[in-house]
Protein chains: 2
Amino acid sequence: MKRSRRKTIRDVAEAAGVSIGTASRALNRRGRVSEATVARVSAAAKKLGYEPDAIAQSLRLRSTKVVGMLVTDLANPFFAGVIRAAEERLQKAGYALLVGNTANDRAREKFLADLFRRRRVDGLIMGPCETEDAERTVALDDGEMPVIGLDREVGAAQSAVYVDHRRGAYEATRHLINLGHERIALLSSSSRLSPGRSRIEGYGAALREAGIEPQEALIRAQKSSMEFVFSEALSLMSMRPAPTAFLCLGTRMLAGALQGLRQNGWRVPNDVSVLSVGDSDLARLYAPAISAVSWDLAAVGEVLAELMLKRLSPDDDGRAERILIPTQLIERESCARPGALFGG
Amino acid sequence: MKRSRRKTIRDVAEAAGVSIGTASRALNRRGRVSEATVARVSAAAKKLGYEPDAIAQSLRLRSTKVVGMLVTDLANPFFAGVIRAAEERLQKAGYALLVGNTANDRAREKFLADLFRRRRVDGLIMGPCETEDAERTVALDDGEMPVIGLDREVGAAQSAVYVDHRRGAYEATRHLINLGHERIALLSSSSRLSPGRSRIEGYGAALREAGIEPQEALIRAQKSSMEFVFSEALSLMSMRPAPTAFLCLGTRMLAGALQGLRQNGWRVPNDVSVLSVGDSDLARLYAPAISAVSWDLAAVGEVLAELMLKRLSPDDDGRAERILIPTQLIERESCARPGALFGG
DNA sequence: CATGAAAGTGCAAACGTTTTCACATGCTAT
DNA sequence: ATAGCATGTGAAAACGTTTGCACTTTCATG
């Protein structure tokens, strides 16, 4: 027994004894319709279990009520948290979220953006990607569709939300300096990524402000694989004089550093202080708990969605906005004054 | 200066001097078209920068090339990992992924599923949700659209992929039993969720198989908030005789338990063994590293996508498949024989 | 040379909506 | 009484595709 065809507005119209146009107006309470008709049509629609076809609506209304989001890694907790919040906010406004994973590959990014455009997404949220060729980025903004950047510039006419990585790293570094540290090692992912760069800047600024010249040898910013970080940590520990603090820019870095430290039997914070820029389960729950610079993932997602919705609203003034999400330093148990002190 | 209108196939046809129909056939290499025409049309399309409108295609072809995915928490690493893999596989086959967060709320789930249906997604992947009312679940399967379950039954006619939680928990428990443990505490999230239930079953089975009767008092399966687990852990530690091992079903549980243990100064594994079902950064990188039952997130996502694609392929035989993803126990440093021994 | 098949093309109908426009009412104000 | 206006409705035109059908041309076959 075959299932009955999906109901269309034509069925509803017939059942209610009106024309298609009238049925549409009645269902959307738009234009002139008598209350009686509205009632009759609604009843018919309900009885038939009619649901308007979003695709047909999209075609006619030239709006899909879908926004796309492209990030370098869907599974990265930082993005995942942002996605969740953005989805929730958008969904409340009747928009659905189409996601894509660029894997930090420009070609993939371009491909996906084109795909989304063909899919007629109403807007696009773009996470950071290595920022080699700026003109490609601009090409993305074809003026038809609003693009909002996440930790990333996406054309002068477009809005963006940034996490204040620079200030986060700056304050983290200051915190260590205030404790008396001078040789602060920096573990970062590639400095080509914009967030990474800002963090390194913040680190350098805090150092210089305290009259300490940043040392090249203390800065390790290349690949973000955990194995790499692990060996870098080992290498840092063998320096003489050795660094007294490790500033880890990102969860992967923290993990690698912690493993290195542990392997050599360095105790935190007795032998070395550790601070992470970017909070995580690992930092929160490690023993000892790792102090971290944190920011509100949900806020990022919400602001992103908010900015997008604003752009999508019919009475948008078209002004680009740049919003900076603040960071805060959460002191836990992983930082102490350098040198041998209060055992345990 | 207004940007020029988006190019349609009509523009292409005009530029190539053919009818719309012919242009379409040429672009899709479908039906009868001369090679010369194909060349001319393609050239015109390229010159104009024509991109077919996916919405119009969807309407005509009755297929959106979009699949929806509903999970209880987009930001949960377990789901995030699965989503990433599924997205990648689907995207390779020309499908995009629409995501939704049900927050473990049946009403939201229903709402989103309906929404996705209205959006005419070609298929739906559904993550687990509390499984109180089975008939609702079945109602979801309206026969129009394939539904694939993730750790969840979604109607007899539909495929699903399950992680073998039962066996995972079983083996974890056996491992502890083999080490000599008898009083094994179990920390789990709500037993109403299907994965949770299977795990508890596995635990019970292993115990009984070893001639140990599971004790109610050792099983704490309610809410999954970390605070709750923390206090449960404390309560377990105050039992006399106290449990010699903690089996934590899920990352949250592990985190809470670890904090409780730490607060009371119990050392792992000297004073108590800890085992986690479900691997995580925390388990991997904690000191000591926590043994865990792990499974391949990417495989889950891929299989999910594969099953969906199979269902979507025109020559699908319509047979429902159930695929079980195996788990493996990863021994690390958190388990030892019970009683005072080898001081670390 | 007539016939038929094959190849290439254009026309128009769909897909399911929304919206413009014209038309038919019934009412009010001159 | 009649012009005008407000109100409700239906017909039809979009939105941008794909595709069944009919039609012409070409070419080989009898």
Side-chain angles (χ1 to χ4, degrees), chain A residues 4-42 44-45 48-66 94 115 117-122 144 314, chain B residues 4-42 44-45 48-66 94 115 117-122 144 314:
Chain A
S4 65
R5 210 180 76 271
R6 206 166 232 170
K7 300 303 179 194
T8 80
I9 200 173
R10 157 168 258 112
D11 300 316
V12 174
E14 246 162 52
V18 296
S19 76
I20 300 182
T22 304
S24 170
R25 276 183 299 254
L27 290 171
N28 301 327
R29 287 208 153 55
R30 188 167 198 111
R32 286 202 248 282
V33 231
S34 74
E35 268 313 310
T37 315
V38 169
R40 212 145 28 96
V41 173
S42 313
L48 296 178
Y50 165 75
E51 286 187 320
D53 183 324
I55 294 300
Q57 288 180 318
S58 296
L59 183 59
R60 173 67 227 224
L61 299 177
R62 340 182 65 73
S63 152
T64 51
K65 290 285 194 178
V66 170
L115 197 69
R117 195 205 324 282
R118 275 196 20 159
R119 288 240 146 89
R120 300 294 187 254
V121 296
D122 287 347
E144 297 185 41
Chain B
S4 67
R5 209 179 79 272
R6 206 165 232 170
K7 300 303 179 193
T8 80
I9 200 174
R10 157 167 259 110
D11 299 316
V12 174
E14 247 162 50
V18 296
S19 76
I20 299 182
T22 304
S24 170
R25 276 182 297 254
L27 290 171
N28 301 326
R29 287 206 154 55
R30 188 168 199 113
R32 288 201 248 282
V33 233
S34 74
E35 270 313 309
T37 314
V38 169
R40 215 146 24 99
V41 172
S42 312
L48 296 178
Y50 165 75
E51 285 186 321
D53 183 324
I55 295 301
Q57 288 181 318
S58 297
L59 182 60
R60 173 68 225 226
L61 299 176
R62 338 183 66 73
S63 153
T64 51
K65 290 284 193 178
V66 171
L115 197 69
R117 196 205 323 282
R118 275 197 19 164
R119 288 240 147 88
R120 299 295 185 255
V121 296
D122 287 347
E144 297 186 42

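What you see is a predicted model, and the numbers here were worked out from it, not measured in a lab.
Residue order along DNA chain D, read from the 5' end via each residue's closest nucleotide, puts B/Glu51 first among B/Arg25 and B/Glu51.
Annotation: salt bridge (charged side-chain N to carboxylate O under 4.0 Å, His left out) contacts of A/Asp53 (sequence neighbours excluded): B/Arg120. With sequence neighbours excluded, no residue forms a side chain to side chain donor-acceptor pair (under 3.5 Å) with A/Arg60. Under the side chain to side chain donor-acceptor pair (under 3.5 Å) criterion, B/Ser58 pairs with no residue, sequence neighbours left out.
Distance OG1/B/Thr64 to CD/B/Gln57: 11.5 Å, rounded to 0.5 Å. In this structure, OG1 on B/Thr8 lies 9.5 Å from CG on B/Leu48, to the nearest 0.5 angstrom. For the atom pair CD of A/Glu144 and CZ of A/Arg117, the computed distance is 7.0 Å after rounding to the nearest 0.5 Å. Atom CD in B/Glu51 sits 9.0 Å away from atom CG in A/Leu115 (nearest 0.5 Å).
The footprint of chain A on DNA chain C, defined by a heavy-atom cutoff below 4.0 Å, extends from C/dG16 to C/dT20.
When heavy atoms are screened at a 4.0 angstrom cut-off, B/Ile20 is found touching base atoms of the nucleic acid. Counting any heavy atom pair closer than 4.0 Å across all strands shown, A/Thr8 reaches sugar-phosphate atoms only and no base atom.
Of all the residues in residues 27-36 of chain B, B/Arg32, B/Val33, B/Ser34 reach under 4.0 Å from DNA chain C with at least one non-hydrogen atom. A heavy atom closer than 4.0 Å to some atom of DNA chain D occurs in A/Leu59, A/Arg60, A/Arg62, these being the qualifying members of residues 57-66 of chain A.
Under the salt bridge (charged side-chain N to carboxylate O under 4.0 Å, His left out) criterion, the residue pairs touching residues 9-24 of chain B are B/Arg5-B/Asp11, with sequence neighbours excluded.
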Tabulate below the donor-acceptor pairs under 3.5 Å that side-chain atoms of residues 26-34 of chain B make, not counting sequence neighbours, or state none.
residue: B/Asn28; atom: ND2; partner: B/Ser24; partner atom: O; Å: 3.3
residue: B/Ser34; atom: OG; partner: B/Thr37; partner atom: N; Å: 3.1
residue: B/Ser34; atom: OG; partner: B/Thr37; partner atom: OG1; Å: 2.6

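For the pair B/Lys7 NZ and D/dT17 P, the computed distance is 12 Å after rounding to whole Å.
In this structure, A/Arg119 contributes its side chain and B/Ala54 its backbone to no donor-acceptor pair below 3.5 Å.
Between the axis at the start and the axis at the end of the helix from C/dC1-D/dG30 to C/dT30-D/dA1 there is an angle of 60°, using five pairs per end and rounding to 10 degrees.
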